[in-house]
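Before any comments, here is the structure.
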Amino acid sequence: MVGRWEWQFFGINGTIAEYTNSLKTVGFFFFSGEGNTFRTWAIIVAGTFVLIALSLSMFLLFEHLLAYKNPEEQKFLIGVILMVPCYAVESFVSLVKPAIGVDVEILRDCYESFAMYCFGRYLIACLGGEERTIEFMKRQGRSNATTPLLEPFCEKGFVKHPFPLNYFFKPWRLGQWFFQVVKFGIVQYMIIKTLSAILAVVLESFGVYGEGEFKWYYGYPYLAVVLNFSQSWALYCLVQFYTVTKDVLEPIKPLAKFLVFKSIVFLTWWQGVAIAVLYSFGIFKGALAQGLQFKSSVQDFIICIEVYWKCCCHGRLCLYRLTFRSRRGKR
């Protein structure tokens with residue numbers, strides 16, 4: 001039997017038998033007690049990681065600008081690199097001033113949709129542009145490769161869909177149609193993400209947005225459902241495009257770049273939804289939660305920490321001398 005004083009160290013009063021009910025009061029001692037003290041330390045820690053991430057991002061940016069020899073590819077890669085500073089600054093500002101978090105978030109959402117476009121265009125630029133990409137896919141559509149591109153969902157130039165999508169969509173033939181479908185899948189997310197961000201600000205001004213509140217009279221759950229379908233479709237299209245072009249794009253390490261980009265855009269969004277769900281069930285309560293708009297503040301704090309390692313991944317994958325010189329060495 002664990003004593004009462006041992007659980008009190010974690011901000012939970014009671015014995016093991018009372019532990020489950022305690023979760024609905026406080027999850028960890030960081031999220032209870034003196035909210036102002038935690039807020040100060042959270043800002044200091046978050047600010048430190050943000051400064052490091054900004055420094056690394058600026059280094060990557062200036063390295064590409066000083067060796068701007070592949071403009072068709074580098075201009076889109078720079079757009080992707082700048083997404084980390086955008087996330088870092090927006091999250092830190094929202095952490096310091098939660099009251100303006102929704103207003104600042106619209107800038108991040110708009111740039112996030114633009115970064116999605118840049119990532120897709122970067123992959124296309126690495127293939128030689130839209131015309132060469134379409135020609136490549138047409139050749140793949142006419143070929144009868146012995147090794148399927150997306151085994152077992154691709155054969156004889158057709159991309160088949162996994163269950164349950166195969167009941168709703170016919171197989172996509174590799175060629176211009178496939179390219180247009182993938183392109184639309186990315187662009188629709190850009191449009192819906194931007195419109196959702198603007199609508200969120202409008203709803204917030206009327207007090208009916210309710211960020212993190214899963215209640216029918218708030219706009220947040222409806223926007224979350226729409227964004228969920230839009231993001232899932234965009235992600236599916238990117239996965240299909242990657243599987244078709246992975247061999248020819250192997251020198252730029254497309255899988256690693258794809259995973260890092262996906263973690264920034266999609267996992268970050270799902271992380272925010274998960275935090276909102278936990279909060280709606282009353283898992284987290286306390287001085288910080290009640291006084292500092294915890295649903296958004298904890299997400300902002302976590303993002304400020306995450307941008308550091310995401311920036312490190314960008315540094316490893318997007319350095320000019322590693323991205324372009326290594327490709328020239330393989331040609």
Side-chain angles (χ1 to χ4, degrees), residues 6-13 22-23 25-62 80-112 115 197 204 211-212 260 263-265 267-280 282-316 318:
E6 295 182 60
W7 289 108
Q8 288 176 345
F9 175 76
F10 292 97
I12 301 173
N13 295 318
S22 302
L23 282 175
T25 304
V26 181
F28 192 72
F29 76 98
F30 275 143
F31 302 130
S32 63
E34 299 297 331
N36 290 333
T37 302
F38 177 80
R39 180 177 183 275
T40 302
W41 280 104
I43 292 175
I44 293 175
V45 173
T48 302
F49 280 94
V50 167
L51 286 176
I52 297 175
L54 290 177
S55 300
L56 293 175
S57 296
M58 291 303 103
F59 172 77
L60 285 175
L61 175 62
F62 283 113
V80 176
I81 292 174
L82 288 176
M83 186 169 60
V84 170
C86 179
Y87 264 75
V89 173
E90 184 277 332
S91 299
F92 185 73
V93 172
S94 299
L95 180 65
V96 177
K97 295 287 185 180
I100 64 173
V102 176
D103 298 325
V104 178
E105 188 175 353
I106 186 175
L107 301 176
R108 186 194 73 184
D109 290 342
C110 292
Y111 191 84
E112 177 185 302
E204 181 69 17
E211 183 177 10
V260 172
S263 69
I264 296 176
V265 176
L267 295 185
T268 299
W269 186 82
W270 275 108
Q271 178 178 273
V273 173
I275 292 173
V277 171
L278 292 175
Y279 186 89
S280 65
I283 300 298
F284 299 112
K285 289 184 179 180
L288 180 65
Q290 300 300 322
L292 297 178
Q293 301 182 12
F294 175 78
K295 294 186 294 296
S296 59
S297 294
V298 70
Q299 167 76 339
D300 295 326
F301 176 75
I302 294 175
I303 291 178
C304 288
I305 304 300
E306 291 175 339
V307 291
Y308 167 73
W309 70 263
K310 290 174 181 177
C311 189
C312 291
C313 293
H314 267 183
R316 181 65 183 87
C318 300

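Each residue takes its place number in the sequence, starting with 1.
The shortest heavy-atom contact between S91 and D300 is O-CB, 3.3 Å. The two atoms that bring V84 and S57 nearest to each other are CG1-OG, 3.9 Å, heavy atoms only.
With contacts defined as side-chain heavy-atom distances shorter than 4.5 Å, the pair I43/F92 qualifies. Side-chain contact between L95 and I303 is absent, with no heavy-atom pair separated by less than 4.5 Å. Side-chain contact between P85 and M58 is present, with at least one heavy-atom pair separated by less than 4.5 Å.
Between L51 atom CG and C304 atom SG the span is 10.0 Å, to the nearest 0.5 Å. Taking CD from E112 and CD from E105, the interatomic distance works out to 9.0 Å, rounded to the nearest 0.5 Å.
Remark: F49 pairs with Y308 by the ring-ring contact (aromatic ring centres under 6.0 Å, His included) rule, at least two apart or across chains. With sequence neighbours left out, A42 forms a side chain to side chain contact (heavy atoms under 4.5 Å, CB included) with F38, F301.
Applying the salt bridge (charged side-chain N to carboxylate O under 4.0 Å, His left out) test to residues at least two apart or on different chains, the pairs with a partner in residues 90-101 are E90-R108.
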